[in-house]
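What follows is a set of notes on a single structure, which appears directly below.
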Amino acid sequence: MPELPEVETVRRGLAPVIEGATFTRVHIRRPDLRKPFPHDMAKRLEGARIIKAGRRSKYLLVETELDTLIWHLGMSGQVRIYVPGDAVPPPAKHDHVQFDLDSGAHIVFTDPRRFGLMDLCPTEELADHPLMKSIGPEPLGNAFSGPILAAALKGKSQSVKQAIMDAKVVCGVGNIYASESLFRAGISPKRKAGTVQGVRAEKLVVAIKEVLSEAIQAGGSTLKDHRTTDGGLGYFQHNFAVYDRAGEACPGCDCDISKTKGIQRLEQGGRSTYYCPRKQR
DNA sequence: CTTTGGGCCTGGACGC
DNA sequence: TGCGTCCAGGCCCAAA
């Protein structure tokens, strides 16, 4: 399910298809996902021209002349794009929302677990929207740096893994990329967040930026023609160093796996963490 | 204020 | 084949 790279991949797939187009019809096939849809969502979008397909954290932001559609893919959300001329199949069980555009394109949102979310907000009030206003720095932006991360972690007693998954510290880092980033930075997921300062914080920031950027690159390669897209993982899962690899050797491992037992899995805050106890301290 | 734990949903993988 | 259990990429909220 979508972490930031997957959401960004979807955004890049959507942008050339929807920017400049106008919603002609919005089909809403159930009253809610994680939260109820705005009661007038279809009415407010139909006839509105799309200015931009944006993203903040893991939220897609479809900006129209008046309102911005705030769109979260949840755990299992997928977006399919049908360009003009494509046949749109009849709605499947979990196809909850469909957008028809004046260009003849169609966008279908599928979300079996229904942890996704859609809301509307007048564009000029977006920054004050409850879902937007307490989000921390974008991991790929210049405002996310070693000193900024160190300051955000200072005094925190929780684990660094849980801390970097807190969107107020840095947004967009989910369960997979938290493990991957910590491995790359050589930092134990169990380390107390407050002790990640100075060079460690700098290394972690670099690792997060690299891991997310590489994942976006890999995701982008799966939709070269920008015809279809989905909320899946692209090809990056083949590049996971530690995630879901308990018992395996980590990349570049030179220890005796029969003795060290390789990559370890542990549970933090009810979520799985994967790490190498020898390389991460 | 920070931190933890439960809850929201369905489906797929696995063991018996 | 079926049934139960566990697990899954996110996030909010109540409670401590």
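Values reported hereafter were calculated over all heavy atoms of this structure, with side chains retained and with hydrogens, waters and symmetry mates removed. Each chain gets a letter, A, B and so on, in the order its sequence line appears, and its residues count up from 1.
Atom-to-atom, NZ of A/K156 to P of B/dT4 comes out at 10 Å; the value is rounded to the nearest Å. Separating the NZ atom of A/K35 from the P atom of C/dC12 is a distance of 9 Å, rounded to the nearest angstrom. As rounded to whole Å, 11 Å separates atom P of B/dC14 from atom CG of A/D244. One interatomic measurement links the two molecules: CG of A/D111 to P of C/dC11, which rounds to 13 Å at whole-angstrom precision. Separating the CZ atom of A/R113 from the P atom of B/dG11 is a distance of 11 Å, rounded to the nearest angstrom. Atom NZ of A/K168 is separated from atom P of C/dG10 by 15 Å (rounded to the nearest Å). One atom, CE of A/M165, and another, P of C/dA8, lie 11 Å apart when rounded to the nearest Å. Here B/dT4 presents its P atom at 10 Å from CD of A/Q268, a figure rounded to the nearest Å.
Between A/R56 and A/E138 a salt bridge is recorded (basic side-chain N to carboxylate O distance below 4.0 Å).
On a pure distance criterion of 3.5 Å, no polar donor-acceptor pair joins the side chain of A/R114 and the base of B/dC9. A donor and an acceptor atom never sit less than 3.5 Å apart when one is taken from the side chain of A/R271 and the other from the base of C/dA8.
Between A/S76 and the phosphate of B/dG11, there is no side-chain N or O to OP1/OP2 separation shorter than 4.0 Å. Between A/H94 and B/dG11 there is a side-chain polar atom (N or O) within less than 4.0 angstrom of OP1 or OP2. Look at A/H72 and you'll find a side-chain N or O under 4.0 angstrom from OP1 or OP2 of C/dC11.
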Worked check of side-chain contact (heavy atoms from CB on, under 4.5 Å) between A/V79 and A/W71: CA-CA 11 Å; A/V79 178; A/W71 182 3; 3.6 Å; yes
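Among the heavy atoms of the strands lying under 4.0 Å from A/L131 are primed sugar atoms or P, OP1, OP2 only; no base atom is included.
When side chains are defined from C-beta on, A/E46 counts as touching A/R25, because their heavy atoms get closer than 4.5 Å.
Closest to the side chain of A/R265, out of C/dG10, C/dA8, B/dT3, is C/dA8. Closest approach to the A/Y59 side chain among C/dC12, B/dT3, C/dC7 is made by C/dC12 (side chain taken as heavy atoms from C-beta onward). Picking from C/dG10, C/dC7, B/dG11 the nucleotide with the shortest atom distance to the side chain of A/K93 gives B/dG11.
What you find for A/N239 and A/E180 is that their closest heavy atoms are O-OE1, 4.2 Å. Taking both residues in full, the closest heavy atoms of A/P139 and A/K209 are given as O-NZ, 3.0 Å, listed atom of the first, atom of the second, then distance.
In this pair, A/F115 does not lay its aromatic ring on the base of C/dC11; centres under 5.5 Å and planes under 30 degrees do not both hold.
Using N1 to N3 plus N6-O4 or O6-N4 for Watson-Crick, or N1-O2 and O6-N3 for G-U wobble, each under 3.5 Å, B/dG12 pairs with C/dC6.
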